[in-house]
Amino acid sequence: MTTFWFITIAMLWTGFLVLEGFDFGVGALHTLVGGDDTGQREVLHTIAPVWDGNEVWLITAGAAMFAAFPGWYATGFSALYPALVLLLIALILRGVGIEFRNKRDTVRWRRGWSIALVVSSLLAPLLVGVALADFGYGLPINAQEEFVGGFGDLVPFYSVVVGIAVLAMTLLHGAVFLSLKTQGEYHVRAVRLARMLAPVAAALVFVMIIWTHAQIGHGFLLNLFELAALVAVLAAWWLVRVGNWGWAFVATVVTLAGMVLSIFADLFPNVIVSSLDPANNLTIHNASSAPYSLTVMTVIVAVFLPGVIAYQAWTYHVLRRRLSQA
Amino acid sequence: MSNVDWARLQFAMTSIYHFLFVPLTIGLSFLVALLQTSWHRKGRPEDLRLTKFFGTLLVINIAVGVVTGLVQEFQFGMNWASYSRFVGDVFGAPLAMESLAAFFLESVFLGLWLFGWNRLSRRLHLTTIWAVAAGGVLSAAFIMAANSWMQRPVGYTINSAGRAQLTDIWALLTNTVFIWAFIHVLLASLVTACVVMFAVSAWHLRRRNSPEVFGRSARLSLVILLPAILFSLLIGSHLGVVETRYQPMKIAAAEANWNTCQPCSFSLFQIGGGNRDETPTKIIQIPHLLSLLSTDSWNGQVQGLNQLNAQYQQQYGPGDYIPNVFIQYWSMRVMAYGGGLIFLFALIGGYLLLQGKLGQTRWFLRLAVWIAPLPFIMNIAGWLLTENGRQPWIVQGLQKVGDGVSASVSTATIITSIIVFFLLYGALAIVDTVLMTHYARKQLAPEPEKPEEAAELEFIY
């Protein structure tokens with residue numbers, strides 16, 4: 001049961017980065033792809049109806065950690081305090097920015113929100129990457145399950161690399177999404193960006209996956225998720241070069257999913273590694289809720305999650321139309 | 001100030017701010033859904049224009065509500081790690097349910113509603129706004145279930161590790177405190193939205209802007225406001241009786257009732273008589289009313305703060321179990337008197353409506369705008385009463401606030417984050433106010449020839 005919940009939480013984080021990943025990317029690139037004000041507004045239109053639903057995956061991942069692994073949630077969130085404050089600021093500015101930017105017609109207003117959107121859309125995936133990497137790399141956790149380090153302990157070089165790799169992938173993911181969803185001038189600019197980003201993202205994903213495997217992986221051989229991420233990112237690079245945007249988007253989805261799942265697969269059965277003493281590691285056993293609570297939650301997930309996936313997918317189907325004007 | 005005080009300050013600040021937006025969202029999405037339903041059924045173009053007009057206000061409001069809600073979820077773990085460890089097994093479940101059952105529904109269908117005007121059939125499109133409204137109601141349900149457990153813990157056991165463990169989810173969802181508090185919150189949300197909708201409509205009516213259109217929204221909001229405020233007062237009063245049973249200290253403090261009395265008079269107004277001051281200098285009282293309100297009987301006995309404190313000291317060990325009496329006393333009265341005022345206001349409005357003079361009574365339309373902040377102040381007072389009244393407990397009888405705080409977070413870190421959130425929320429408040437007033441005062445777009453075609457353009461995105 002605890003294993004099931006570990007997998008569920010890994011899936012929720014995956015859903016979050018795969019879905020919100022491209023709207024992070026679009027947010028960060030909307031000035032470059034959109035060009036003038038009208039263009040920027042239209043580019044933001046591709047994510048305006050969906051970003052909020054995408055972000056609920058993060059809220060659900062957090063709530064699921066709280067409910068299924070209170071120890072993970074409590075120790076992790078209090079340890080990552082400064083990083084989470086920054087993440088919250090970024091998410092607040094982003095959400096409000098997308099909703100408010102086009103609601104007033106002055107240059108200062110719109111440019112201000114555009115800058116906020118770009119900065120926050122770059123910051124958020126970076127921080128999420130760093131935070132997830134910290135769990136596996138290890139934090140100074142004492143025997144009372146408390147974090148005893150400082151800010152420096154939150155940003156080891158490994159976690160920063162993971163953060164940058166996640167950031168690069170969300171940018172590529174966003175560029176590919178825009179290449180898929182736009183035509184004309186926007187399409188040309190999105191394609192140019194995707195082609196520039198693809199090799200950089202591929203290189204970073206390779207570094208991240210190999211390092212993750214060396215740092216926290218089990219055994220000599222790469223596991224399935226790590227392999228999937230590597231193959232998919234190469235495929236994405238190739239598909240971007242040949243301009244097959246539908247499949248390129250599938251490839252960036254698989255890459256991001258592979259990256260998140262690799263982190264979680266290598267982390268298992270720990271949930272936060274203690275860098276002080278392996279005996280202090282938080283694991284799926286010592287950080288979890290009791291069977292009754294997990295059973296209740298399992299029923300809830302079984303009832304609601306399929307419905308959520310169905311109506312969210314249906315939303316994307318309804319909104320599938322491409323941005324035509326350029 | 002200690003870490004606990006700072007952490008409390010941050011939680012109070014961010015929660016109060018968040019809850020300025022939540023009730024308006026819940027109530028307004030319902031009203032907008034009603035407007036759209038009316039348009040769907042009767043095909044009056046005014047209803048469609050109102051749907052769009054108030055829909056825009058709804059969207060601006062939801063944006064801030066959603067992003068500040070993120071902070072709420074994160075800060076349990078950030079600032080209250082010991083609490084989170086202690087209650088996660090119980091408290092986490094309703095939060096996860098809220099995400100899965102309510103937030104997805106609300107946010108996914110809001111996006112679809114906004115951008116689906118020409119892509120969905122009318123009926124399907126109408127369903128999406130009802131899904132948004134339902135999401136709001138459900139989220140209120142789960143968060144109130146979680147909060148009510150902190151007021152009156154049920155369906156749990158304390159396990160060998162000394163942590164709360166869920167044993168009966170059904171008990172959580174049928175907690176008496178939860179049922180009454182949930183209904184009260186829904187009614188308060190409806191009151192908030194009705195007052196806002198009426199204020200906006202009145203502002204336009206006074207300027208003769210599209211009176212035939214804003215006359216409709218004024219009528220709709222008034223007709224709903226009258227029963228909503230009445231029942232909100234009645235249910236709120238009953239909630240007080242329920243809470244007297246499980247949290248007598250909370251209500252004794254709200255009445256500044258220091259010593260057990262029988263029968264008890266109700267203090268209408270007092271100067272002094274707050275914290276540690278048991279003898280107010282000036283006081284206006286109504287005999288028997290407190291007995292009646294808190295026990296439903298003319299001569300009922302109501303326990304006093306001093307007696308309860310002595311009893312708690314025996315039960316839980318030495319300490320001070322009396323919450324801040326000043327906050328309790330006045331937050332209760334702000335709600336009751338504010339509610340009374342709004343009820344009176346709605347009565348007059350109803351009378352004017354029946355007389356057919358609503359659109360011409362300028363003083364009333366002007367008053368409507370001035371009264372708009374009142375429900376927001378009352379909403380804050382409600383949470384102050386509920387949360388402050390539980391002090392010094394974070395979970396009534398199980399964990400004290402001081403034991404719930406994160407041990408690993410330094411004072412400097414909390415203070416920094418308070419400053420950051422204060423500045424960010426302040427800036428957001430200014431931006432939101434600018435946008436809300438801008439769109440609330442905007443003239444209605446001229447009536448489109450073919451409403452279907454112009455539908456999407458009216459939403460500025």
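Note on naming: letters A, B, ... go to the chains in the order of the sequence lines (proteins, then strands), and numbering restarts at 1 for each one.
Between B/Leu435 and A/Glu99 the shortest side-chain heavy-atom distance does not fall below 4.5 Å. Side-chain contact between B/Val431 and A/Trp113 is present, with heavy atoms from C-beta onward closer than 4.5 Å. The side-chain heavy atoms of A/Tyr292 and B/Asp89, taken from C-beta on, include no pair separated by under 4.5 Å. A heavy-atom distance below 4.5 Å is found between the side chains of B/Val71 and A/Ile92. Annotation: side chain of B/Phe74 is in contact with side chain of A/Leu58 (closest heavy-atom distance under 4.5 Å). A heavy-atom distance below 4.5 Å is found between the side chains of A/His45 and B/Phe115. You'll find the side chain of B/Thr413 stays beyond 4.5 Å of the side chain of A/Phe151, heavy atoms only.
In this structure, A/Phe77 has its ring center at least 6.0 angstrom away from the ring center of B/Phe76.
Using a 4.5 Å cut-off between heavy atoms, B/Val409 touches chain A through its side chain atoms alone. Using a 4.5 Å cut-off between heavy atoms, B/Leu124 touches chain A through its side chain atoms alone. For B/Ser410, no part lies under 4.5 angstrom from a heavy atom of chain A.
Put simply, OG1 on B/Thr68 and CG on A/Leu91 are 12.5 Å apart, with the number rounded to the nearest 0.5 Å.
When the shell of 6.0 Å around CE of A/Met11 is examined, it contains 12 or fewer heavy atoms from other residues, nucleotides or ligands.
B/Phe109 and A/Trp314 have tilted rings, their planes meeting at an angle from 30° to 60° on a 0 to 90° scale.
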